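Values in this document were obtained by computation on a predicted structure and should not be read as measured data.
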Amino acid sequence: GKKSLRQRVVDELKHYYKGFHLLWTDTKVAARMVWRLLHGQVLTRRERRRLLRTCADLFRLVPFLVFVIVPFMEFLLPVFLKLFPDMLPSTFETESKKEEKLKKKLNARLELAKFLRETIAEMAKRNKADTG
């Protein structure tokens, strides 16, 4: 069924609370990683990717905070998200957005695999023609 306005507002507030909480946790972990880097330890590839994602999220947070701080600007947030889809930090993405990104990435990989398969088949035909 359709949710009431109050329930939708409560759900959005919970979503933003969870997003800020996850970002805070990621920032604390990233700070520890930077501390380890400064003391000469080497990060794993997974830790390095997490550190880069967290830094990117912190830079994306600046324009997002403008929408949160300025009164009534949150009504323009959907318009800006349509224009700039990667503006939100990764901790604020919904499951549907994550699935949509994964589908796009998978489709791109499938297209690339199809192209490579066709190219290899064409090269094999040329080689047969050249040797035959």
Side-chain angles (χ1 to χ4, degrees):
K2 211 172 185 184
K3 294 181 181 179
S4 67
L5 179 64
R6 182 179 184 275
Q7 187 60 40
R8 286 186 292 187
V9 169
V10 168
D11 288 345
E12 282 297 313
L13 288 175
K14 284 181 183 178
H15 175 71
Y16 287 127
Y17 172 77
K18 288 178 185 176
F20 277 115
H21 185 64
L22 283 172
L23 186 62
W24 174 249
T25 303
D26 282 349
T27 305
K28 288 192 307 187
V29 171
R32 279 188 240 128
M33 285 184 218
V34 169
W35 182 259
R36 284 179 32 210
L37 273 174
L38 291 175
H39 284 69
Q41 292 183 1
V42 179
L43 297 178
T44 64
R45 190 168 82 201
R46 185 178 188 182
E47 290 173 332
R48 203 172 327 118
R49 278 195 339 232
R50 186 172 185 177
L51 178 64
L52 289 174
R53 188 192 72 219
T54 304
C55 289
D57 285 348
L58 289 174
F59 284 117
R60 288 181 190 151
L61 186 66
V62 174
F64 179 67
L65 282 177
V66 172
F67 287 97
V68 174
I69 293 172
V70 176
F72 301 109
M73 187 118 174
E74 61 270 4
F75 295 118
L76 293 177
L77 187 60
V79 174
F80 279 90
L81 287 177
K82 197 69 165 171
L83 294 172
F84 308 105
D86 291 333
M87 185 179 88
L88 279 180
S90 63
T91 56
F92 290 91
E93 290 179 348
T94 61
E95 289 298 321
S96 61
K97 291 288 184 183
K98 288 179 184 178
E99 288 177 12
E100 185 179 316
K101 279 186 178 182
L102 284 175
K103 284 180 183 177
K104 284 182 182 179
K105 191 184 287 189
L106 179 63
N107 284 336
R109 286 182 179 175
L110 288 173
E111 288 294 321
L112 180 63
K114 182 180 175 184
F115 172 74
L116 290 175
R117 184 180 35 213
E118 291 171 356
T119 304
I120 290 172
E122 187 178 314
M123 288 173 60
K125 286 179 185 178
R126 277 194 213 154
N127 286 343
K128 273 189 178 180
D130 289 345
T131 57

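Connection of Leu81 to Phe75 is not established within any shared hydrophobic cluster, with ILVMFWY side chains joined at heavy-atom distances below 4.5 Å, either directly or through further cluster members. Both Phe80 and Ile69 belong to a single network of hydrophobic side chains, linked directly or stepwise wherever heavy atoms of I, L, V, M, F, W or Y lie under 4.5 Å apart. Val9 and Tyr17 are not part of a single hydrophobic cluster, where members link through side-chain heavy atoms under 4.5 Å apart. Linking Ile, Leu, Val, Met, Phe, Trp and Tyr residues whenever their side-chain heavy atoms come within less than 4.5 Å places Tyr16 and Val70 in a single cluster. Hydrophobic clustering (side-chain heavy atoms under 4.5 Å, transitive across Ile, Leu, Val, Met, Phe, Trp, Tyr) groups Phe67 together with Leu61.
Side chains of Met33 and Leu37 form no contact here, defined as non-hydrogen atoms less than 4.5 Å apart. Contact of the Asp26 side chain with the Arg53 side chain is registered, since non-hydrogen atoms from C-beta on lie closer than 4.5 Å. Looking at heavy atoms from C-beta onward, Arg50 lies out of side-chain contact with Glu47 at the 4.5 angstrom threshold. No side-chain heavy atom of Thr54 sits under 4.5 Å from any side-chain heavy atom of Val29.
Interatomic distance, CG of Leu58 versus OG1 of Thr27, reported as 4.5 Å (0.5 Å rounding). The OG1 atom of Thr44 lies 9.0 Å from the CZ atom of Arg49; values are rounded to the nearest 0.5 Å. Distance check, rounded to the nearest 0.5 Å: CG of Asn107 to CG of Leu102 gives 11.0 Å. Here the straight-line distance linking atom CG of Leu116 with atom CD of Glu111 works out to 11.5 Å at 0.5 Å rounding. In this structure, Lys18 NZ and His21 NE2 are separated by 10.5 Å, a value rounded to the nearest 0.5 Å. The distance from atom CZ of Arg60 to atom CZ of Phe84, rounded to the nearest 0.5 Å, is 13.5 Å.
Look at Lys103 and Glu99 and you find no salt bridge, because none of the NZ, NE, NH1 or NH2 atoms lies under 4.0 Å from a carboxylate O.
A donor-acceptor contact closer than 3.5 angstrom links the side chains of Gln7 and Asp11.
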Discussion item. If you apply the rule side-chain contact (heavy atoms from CB on, under 4.5 Å), what do you find for Glu122 with Glu118, and how did you get there?
Written reply: CA-CA 6 Å; Glu122 187 178 314; Glu118 291 171 356; over 6 Å; no

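Nearest heavy-atom pair, Arg36 versus Val42, reported as atom, atom and distance to 0.1 Å: NH2-O, 4.0 Å. Pairing each heavy atom of Asp57 with each of Pro89, the nearest pair is OD1-CA, 3.6 Å.
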